[in-house]
Amino acid sequence: MPRIPNIAIDGPAGSGKSTVARAVAAKLNFLYVDTGAMYRAVTYLALKAALDFRKETSLAALTRDTNFSLVQHLRSGVIELWCNGEDVSPFLRTREVSQMVAWVAAVPHVRSHLVRCQRRFAKNGGVVMEGRDIGTVVLPDADYKFFLTAALDVRLARREQELNSQVQSFDKEELHREFIFRDEMDLKREAGPLKAAPDAIVIDCTELSVEEVVVKILDVCGGG
Ligand code: CDP
């Protein structure tokens, strides 16, 4: 029986990759895996345990002791991330988590553990996985790889719209600073930096709607 393909989608914050990846997965009936949520989950658990974020060994131990599972609700399509029996999904996009996640994501032993879990999710194929290092590190053999980019002002505007729709209050300047800081940390770290794989198809989403990007991806993957 032919193997079901895996699709890797990488890109910076606000490039639209989560919305796009979720739509592509729904269209193909694949599992959607948001790897950013896993880094956010470790950050949330570290904040909850009042860990010292400078202590890489504590962050690595916390990650190693956490069991990650995805629970997909078939009717609604909603996917929850559970950590050691707790649904952490509602706590992942707070200001505190967004501000600290890039520190956690730069710790090599946090990354190596999460990468192993992510590979397990994809081992039977049929996954649309999004993140920063999926095409380069997590699934270098993915059947299809995409790297989404967009101009910074467009990415910021998209995130503001998203926060407004969730009725989350935010400070524009602070959001701007967080994006620049996270982009820098994600691009410059040694382990699994944000980078397009040499064989990824780069899509500049600055002037494209979500639907247009989804159509482009499905055209390539044969699901259009
Ligand atoms: O939604 P947004 O693009 O803002 O962020 P996210 O995908 O939830 O990822 C949050 C953070 O996790 C990123 O800024 C990275 O620091 C980290 N991350 C990573 O290092 N590697 C991944 N594969 C996914 C996320």
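What you are looking at is a predicted structure, and each value in this text was computed from that prediction instead of being measured. Remember, it's 1-based here, ligands and their atoms both numbered in the order they're listed.
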Would you call the rings of H113 and F68 parallel, tilted or perpendicular, taking 30° and 60° as the class edges? tilted
Quick test: of every protein heavy atom, which one is nearest to atom 2 (P) of ligand 1, and how far off is it to 0.1 Å? R159 NH2, 3.6 Å
Quick check on the hydrophobic clustering: are I79 and M38 connected, directly or via other members, by side-chain heavy-atom contacts under 4.5 Å? yes
Rounded to the nearest 0.5 angstrom, the CG-NZ distance for N6 and K123 is 11.5 Å
Do you reckon L92 sits in the same ILVMFWY cluster as V104, going by side-chain contacts under 4.5 Å, direct or chained? yes
Taking it one step at a time, do R40 and M100 satisfy side-chain contact (heavy atoms from CB on, under 4.5 Å)? CA-CA 9 Å; R40 286 175 179 273; M100 294 310 292; over 6 Å; no
Part of M185 with heavy atoms under 4.0 Å of ligand 1, whether side chain, backbone, both or neither: neither
Closest heavy-atom contact between L81 and S89? N-OG, 3.0 Å
Per-atom filter on ligand 1: closer than 4.0 angstrom to a heavy atom of D186 are 13 (C), 14 (O), 15 (C), 16 (O)
To which protein heavy atom is atom 8 (O) of ligand 1 closest, and what is the distance rounded to 0.1 Å? R40 NE, 2.7 Å
Show me which atoms of ligand 1 lie under 4.0 Å from any heavy atom of A105. 16 (O), 17 (C), 20 (O)
Atoms of ligand 1 close to R189 [distance to a heavy atom under 4.0 angstrom, numbered from 1]: 16 (O), 19 (C), 20 (O), 21 (N)
CZ-OH distance between F91 and Y44, expressed to the nearest 0.5 angstrom: 4.5 Å
Of the protein's non-hydrogen atoms, which lies at the shortest distance from atom 7 (O) of ligand 1, and what is that distance? R132 NH1, 3.2 Å
Examine ligand 1 and decide if any of its atoms is less than 4.0 Å from a heavy atom belonging to Q118. no
Note the single closest protein heavy atom to atom 25 (C) of ligand 1, along with its residue, its atom name and the distance in Å. G36 CA, 3.4 Å
Under 4.0 Å to a heavy atom of T35 - the qualifying atoms of ligand 1, by number: 22 (C), 23 (N), 24 (C)
Who gets closest to atom 21 (N) of ligand 1 by heavy atom: K17, R93, R111? R111
Students should be able to answer this: which protein heavy-atom is nearest to atom 10 (C) of ligand 1, and at what distance? R182 NH1, 3.4 Å
Basic-acidic side-chain contact under 4.0 Å: D171, R95: no
Closest non-hydrogen protein atom to atom 18 (N) of ligand 1, residue and atom name please, with distance? Y39 CD1, 3.7 Å
Looking only at N/O atoms, are S18 and ligand 1 under 3.5 Å apart anywhere? no
Say whether M185 and Y39 are linked into one hydrophobic cluster, either directly or through other cluster members, by side-chain heavy-atom distances under 4.5 angstrom. yes
